[in-house]
Amino acid sequence: MNQIKLLFTALLWLLFLAAEAQTRRLSGRVLDAQNAPLPGASVLVKESTVGTATDGDGNFTINAPANAVLVVSYTGYLAKEVKVGQATTLNITLEESPQMLNDVVVVGYGTQRKRDLTGAIASISQTEVRNLPIARADQILQGRISGVQVTQTNAEPGGNISIRIRGTNSINSGNEPLFVIDGFPGAGDLNSINPSDIESIEVLKDASATAIYGSRGANGVVIVTTKKGSSKQSSINFEAYHGVQNVSKRYDMMNANEFATYLNDVQSLINKETPASAKALPYTPDQIAALGEGTNWQKEVLRSAPISNYQLNFLGGNSDTRYNLSFNYFNQQGIVINSGFQRGSVRFNLDKKVSDKINVGFTAQLTRSGENRALVNTAGSTEMGGVILDAMRFNPALPVRDQAGAYTYLNGPAGYLELVGNPVAYANKVKNQYNNLRGLFNFFADYEIVKGLKLRTTAGTDFNYATLEYYVPSDIYAGSNSKGTATRTFGNRYSWVNENTLTYDREFNKSHALTLLGGLTFQEFYNTDFAASNSNFFTNLLESDNIGIGANVLPPTSSRSKNSLMSYFGRANYRFRDKYLFTFTMRADGSSRFGPNNKWGYFPSGAFAWRVIDEPFMKSVPAVSDLKLRTSYGITGNQEIASYSSFARYTNNAYTLGGGTRVIGLSPNNIPNPGISWESTSSLDFGLDLGVLSNRITFTADYYYKRTRDLLLNVSIPVSTGYSTVLLNAGGVQNKGIELSVNSININSGRFKWTTAANFSANRNKVLDLNGEYERFVGTSSGSLFPSASNGATSVLRVGEPIGSFYGYVFQGIWQTQDEISASGRTGVRPGDPRYADLNGDGVLDAKDRTIIGRAQPMFIYGLTNNLSLGGFNLNIFLQGVQGDNILNLNRYFLETGGYINGNKLQSQTQRWTGPGTSNTIAKANSTLRRGTGVTSDVVEDGSFLRVKTVSLSYNLPKLGAISTVLKSANVYVTAQNLFTFTRYSGYDPEVNSFGSSNLSQNTDFNAYPNVRTFTAGIRLGL
Amino acid sequence: MKTTNKGLLLLLGALTLTGVSCENFLKEQPYDFVSTENFYQSEADAVTALNGVFSLMQNGLYYARTFWILSELTGDLMKVGNPQAGRPDLDEVSYTSTNPEVANWWTYSYLMINRANDVIANVPAISMDAARRGNIEGNARFLRALAYFDLVRSYGDVPLLTKPTGADGNLRPARTPIKDVYSQILEDLTFAEANCFPENKITAGEKGRVSSGAAASLLAKVYLTRASSPAAEATDYQSALDATNRVINSKIYALVSYTNVFDVATENGPEHIFSVQFDLPPNAGNITARMHLPSSLDGNQAFYVEEWFYNSFAPADTIRKNWTMTKRAGTQTLANAYYVKFRDPLRQGNNARNNTLILRYADVLLMQSEALNQLDPANAAKFDGINAVRTRAGISKLSPATTPTKEDFITALVNERGWEFSAEGLRRFDLLRLGRYKEVQKRVYNRTIDDKYLLYPIPQTEITLNPNLVQNPGF
């Protein structure tokens, strides 16, 4: 007995020892591809129950036998099996799982799993854009999402951006999408949101996704979510980048010698053609010979400008608290001298679980921003054309400063040139400073009434204090008439919102799941403004700080307005067998902007999606890993109409009674229309989501058809009514198109990974109805460029054509000889003048000879991102392009012959017509016929471009030595933005719209701020 | 469960509360502009609204310029100097429906009618002194009547609107027969005569307002014009005569020396009955003076005096001729005579202080003669009016010996009105009313005028926008 016991024990000990000898203690670290630790990752010994989790720093220890296999997994990453081998320390890197269908996407008033979406929603996370020098949050969207066209209408720092989601809906009202920032709808003005604070952006495109926003959803919705804390770990992040910007392309202007020769040519032609007004030539041959290069005015007003950004972030929390405290300072100087944008912001986001059923939290942000504005995109009078255009026009023979050091005052020689003041003096001496203080706060409280039934209440406020200080001194030409002008404006924009939603979420059984949402919201916007101006100042030293010392007192102005919104809405999401997904939404919006007869609008939508991949028959196609078909139809509205449109406004005028007594009169200005209502868009969408090879390649396609009706139009009426127009909801516009996007993991092997994301969109816009009118002439140009109202409209709005159809005369070449002119019967032209087509053949060139000469809307837009990573290096190349659009380049009326004759010209103008056969494209020096005729086809250019938008190379520093005890991660990067642009457009940049605030003046380039090429270098540290 | 009930109850309560207050929450209240809700509350509002109606007349496209360009160029006393779009075809009586001045005349008449309609609709409800309220309404009615009178004698049948336009109203009104338009004009003027203050109660600082005498004078002209139109009533000439007699017998008005009628220093004097007021900047100025001046005197040289007219004055008629026209510019003598009737030594560029005279006492006297001639050519009293005007001008009187027949008298009126009112914008309507338009065109220009030119065409833009409008025949 004892012997057996002894043997047994010994055997046990042996086994134990053997096991001991086989099982080793392993330690290691689990990291992600950027060498950042993954806390809470699961490490299991395969086919055993032995397992552990990594700590906050990604470290783990586990007992595993030799030759065991560890299975390491983490939510959102692909699980990895690692053979233990002989090692005792393992560093395991996990790859992010592509297109995680359990990923949660932010939708209107809630979140949904990506697999359950029935609408067309796209999202961008901050990791895709974190190495980019971005001033404004909406720049993030450019070229990365199909169906979204983002145009930088003003390249000035702090300049505006225009976003169109699935085309242009409206003619007279707003076309920008609704921005919802941390749940605050209508928080536009992205200049004062810090892009480094953003966690993700979702774009809602079709009616099913946007109808929940009712009368604000017609133009799409962009939902911005800022970073919240983490409940697992605390971290301190510091990011900084610094870079330099330069103009990406310059105009090639004549130098002093060439220009003097040109000016003489102009005058000798004038002397020959109209001897009655003959004058001596401005330069003698000796003077011309003495002139060399002269001043390069373009170079004088442009400079190399720095851009920098500093962000410090404290993120952290525990199981019932999460917080994010961030500080940011951003400074972008402008490449035009004395221009730039600065912003400082503080953010504090807090989420707190107060009890089992109650969560509270808030997002709070305070930003102060300042824009030092340059005079660009102006209507261009001859006195103050604008800094860029004036620099082009200025005589290169004149120096910036004279011998005494004072600024050259005026363009000259006098009597031969346009009266233009020194643009360098203007840029340096004029103060045009816009400052804004903005606070955006949103508080929420969640209460779980019973399991699955949650009540959420939010209360938020968005306030803006904006001031403008403007001073034009009397010692520059622009201020000489008024002897100095000072203006101060104060604006206060303030809004509050209260949203209350009740959500019921219930999975009845495997076959039926239902989520119901009901909501009630209130929102109000207030605006007040005040402005005071004076002119005639005896001293320039005080600028606009003591406006009272101006001798010419101009009356101050003030204004106030308010609009309010109240809504009920509901949504039902029904999942049948988790394969058949139904969504219905309905929203009732009451807006103060709607007239008394139409206060409430109703916006329903319905969608159906079929997760084909979950059908049994799909198992026989293993290559396909995801397949979903979606369709939706709904009606959304646009309430971005002017407030108070339904009222009759009385405007003031004056009369004189005998003896010169001035009396004020007040008369009705418009017909009141109590039926004013929203513009409504009904849209139909068909979509397909496809994934192959375990979702290694995913593909999304959408076809949409949208019809907007009840557009607000100023309809022409006979003047016997006492008015020439009445504002009615009457017009119609159609948009239809396709969107395609592909994401693919091309190579993913160990250290090297290559992914590609591409998107492509094509939209076709068409005007359907102008309340019975066939066409009207629209589009802004400059009042001084085309003084006659008849040739100033640049576009035609016509039924059957897209918005933004340029309208004008067809250029056919240059008249070479007098015989040619006589043969044609045309009068009022000379050899050397441009020739325009007489389209209706009546022998006369007049307004009836105009036709559509170009289109501002593109054929298609696309973007392509390639991401390559090798070890710690990562290279991101982003290409973006627009194809098939036209740009109206109004600068050419100044820079070329045929328009204004008295200013510097492009160097190409030395190849102008000087006799028969010398040129068929550039008119003679003193021709003004192009400007006298109007908009012509030769200034409407092809604006297609392909841009290497961003190239960014970054490196994750390995953890070495002492640094690794302090830093959790370190990353350095260099980025080039707008590296190359391939385009045939002759202006500064094909992405331009000088009159961006008007829907009907698209793609017009007039004195626009030049676009820049930026190189930045930055670091990112995690502590 | 209990908490659920409480929660739901609270929610329901909140919802009902919101339902109650939502009406006010969504109501728009204008803060920074005047609208129908917050206007027409007091006398000051009424006066301000009335000023808005007057204000239109100062516009160059209305009574400052278009008013006399249309009437004089289509007449026989003025011709085009430097040509401008739309004027030569008026001068040659070959105008079409796209003529810009014809369009301006239609447009501004209707703009004034709409503003007057707004005042007439809203002022009677204001609680204020009844006499002053009646005066304000009378002023507005006079201006509306003036605009309709201009329209009806220029275009014939015209849309008749007497209420402010609303979005649900008829935005494409059709033409109303002249008979009904005249009835409305007479109704408005009768009210104005009864309610407006007489001229001698209008203070110097208020001169320019409509007086009862102005309403009576315009009534006379309306009756006389209607009497020569297809809508004539048998009593028209008598009504016209009665109206002129009311003005004459009121003894408020008198003829002054010819130069004092137009001299800015003595404007709004005893002869003024109704004029559009002008002043120097910052107030609105009258461009008329500069239009006529030759370029050597910093003018636009836009119009000349017809040579035959320059030579038509009687040798003794020097006062009127010398004040009205000249061929001299500084030391130069020009080929064409130009009008200097409206002159202002303090003119600043386009802005002069000359008032546009719409009604003056000389006109009333001549209208009295015209009416008497029609009623009873044998009545010698018909010479009173015309002789008073001639005596003021320093020329010999007329008598049954010089002017035996009714037609001779009309010829005398045609001539006298020419010498008296040249360049004042009355010529076309005088010739049409006196039935001598075609005859004058034949005699002076040797043109045979088609009947269609006795009216202006309705502007083409109006015809295009309003399918309910039928164009005047021939255009």
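Worth saying up front: this structure is predicted, and the values here are computed from it rather than measured. Chain identifiers are assigned alphabetically (A, B, ...) following the order of the sequence lines, protein sequences preceding nucleic acid strands; residue numbering begins at 1 within each chain.
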Q.
For chain A, which candidate among B/Arg353, B/Glu267, B/Gln29 shows the most heavy-atom pairs at distances under 4.5 Å?
A. B/Gln29
Q: For each of B/Asn170, B/Val47, B/Thr48, tally heavy-atom pairs with chain A at distances under 4.5 Å, and name the one with the top tally.
A: B/Thr48
Q: Can you see which heavy atom on B/Glu28 is nearest to which on A/Arg593, and at what distance?
A: OE2-CA, 3.8 Å
Q: Pick one of side chain, backbone, both or neither for B/Asn268, based on which atoms fall under 4.5 Å of a heavy atom in chain A.
A: side chain
Q: Kindly assign one of parallel, tilted or perpendicular to the pair B/Phe25 and A/Phe522, based on the angle between their ring planes and the thresholds 30° and 60°.
A: perpendicular
Q. Say you draw a straight line from CZ of A/Arg662 to CD of B/Gln277; how long is it, rounded to the nearest 0.5 Å?
A. 15.0 Å
Q) Does the side chain of A/Ser592 come within less than 4.5 Å of B/Lys27's, by heavy atoms? A) no
Q | Region of A/Leu728 that comes under 4.5 Å of a non-hydrogen atom in chain B | A | neither
Q: Quick one: which of A/Ser720, A/Gly722, A/Gly665, A/Ser667 has the most heavy-atom pairs under 4.5 Å with chain B, could you say?
A: A/Ser720
Q) How many angstroms lie between atom CZ of B/Phe33 and atom CZ of A/Arg649, to the nearest 0.5 angstrom? A) 4.0 Å
Q: Report the C-alpha distance between A/Val715 and B/Leu171 in whole Å, list the side-chain angles of each, state the deciding distance to 0.1 Å, and finish with yes or no for side chain to side chain contact (heavy atoms under 4.5 Å, CB included).
A: CA-CA 11 Å; A/Val715 172; B/Leu171 296 180; over 6 Å; no
Q: Report the option among A/Pro596, A/Gly658, A/Ala654 that has the most heavy-atom pairs separated by less than 4.5 Å from atoms of chain B.
A: A/Gly658
Q) Which bit of B/Glu37 comes within less than 4.5 Å of chain A, counting heavy atoms only: side chain, backbone, both or neither? A) side chain
Q) Of the backbone (N, CA, C, O) and the side chain (C-beta and beyond), which part of A/Ser561 lies under 4.5 Å from a heavy atom of chain B, both, or neither? A) backbone
Q | Residue pair A/Thr721 / B/Pro173, side-chain heavy-atom distance below 4.5 Å | A | yes
Q: Please tell me if the side chains of A/Val719 and B/Glu462 come closer than 4.5 Å, counting only heavy atoms from C-beta onward.
A: yes
Q | Heavy-atom proximity to chain B below 4.5 Å, by part of A/Ser724 | A | neither
Q: Below 4.5 Å from any heavy atom of chain A, which atoms of B/Val264 appear? Answer side chain, backbone, both or neither.
A: neither
Q: Could you check which of A/Leu727, A/Asn652, A/Val726, A/Ile664 has the highest count of heavy-atom pairs closer than 4.5 Å to chain B?
A: A/Ile664
(Q) Could you walk me through whether A/Glu773 and B/Leu465 satisfy the side chain to side chain contact (heavy atoms under 4.5 Å, CB included) test, starting with their C-alpha distance in whole Å, then the side-chain angles of each, then the deciding distance to 0.1 Å, before giving a yes or no? (A) CA-CA 9 Å; A/Glu773 274 177 61; B/Leu465 284 171; 5.7 Å; no
Q | Nearest-0.5 Å distance, OH of residue B/Tyr110 to OH of residue A/Tyr723 | A | 15.0 Å
Q) Between B/Pro30 and chain A, which part of the residue has a heavy atom less than 4.5 Å away: side chain, backbone, both or neither? A) both
Q.
Taking the side chain as everything from C-beta on, heavy atoms only, tell me whether A/Phe647 gets closer than 4.5 Å to B/Thr36.
A. no
Q.
Ignoring hydrogens, what is the shortest heavy-atom contact between A/Gly660 and B/Asn283? Give both atom names and the distance.
A. O-ND2, 3.6 Å
Q | Top contributor to chain A contacts, counting heavy-atom pairs under 4.5 Å, from B/Pro164, B/Gly205, B/Gly208 | A | B/Gly205
Q: Please round to the nearest 0.5 Å and tell me the distance separating atom CD1 of A/Ile717 and atom OG1 of B/Thr165.
A: 7.0 Å
Q: Check each atom of B/Leu161 against the heavy atoms of chain A and say whether the ones under 4.5 Å are side chain, backbone, both or neither.
A: side chain
Q: Could you check whether the rings of B/Phe54 and A/Tyr655 sit parallel, tilted or perpendicular, using 30° and 60° as the cut-offs?
A: tilted
Q) Would you find a donor on one side and an acceptor on the other, under 3.5 Å apart, between the side chain of B/Asn466 and the backbone of A/Pro718? A) no
Q.
Report which part of B/Ala204 has an atom under 4.5 Å of a heavy atom belonging to chain A: side chain, backbone, both, or neither.
A. backbone
Q | chain B contact via A/Ser591 - which portion, at a heavy-atom distance below 4.5 Å | A | backbone
**Q.** side chain to side chain donor-acceptor pair (under 3.5 Å) between A/Thr656 and B/Gln58, worked out
**A.** CA-CA 9 Å; A/Thr656 319; B/Gln58 288 181 320; 3.2 Å; yes
Q | Value rounded to 0.5 Å, distance of CG in B/Leu26 from NZ in A/Lys599 | A | 6.0 Å
Q: Return the option, out of A/Asn563, A/Asn669, A/Leu565, with the maximum number of heavy-atom pairs under 4.5 Å with chain B.
A: A/Leu565
**Q.** A/Leu657 versus B/Arg209, closest heavy-atom pair with distance
**A.** CD1-NH2, 3.7 Å
Q. With a 4.5 angstrom heavy-atom cut-off, which part of A/Pro668 approaches chain B: side chain, backbone, both or neither?
A. side chain
Q: Below 4.5 Å from any heavy atom of chain A, which atoms of B/Ser275 appear? Answer side chain, backbone, both or neither.
A: backbone
Q. Tell me, do B/Asn51 and A/Leu666 make a side-chain contact under 4.5 Å, heavy atoms counted?
A. no
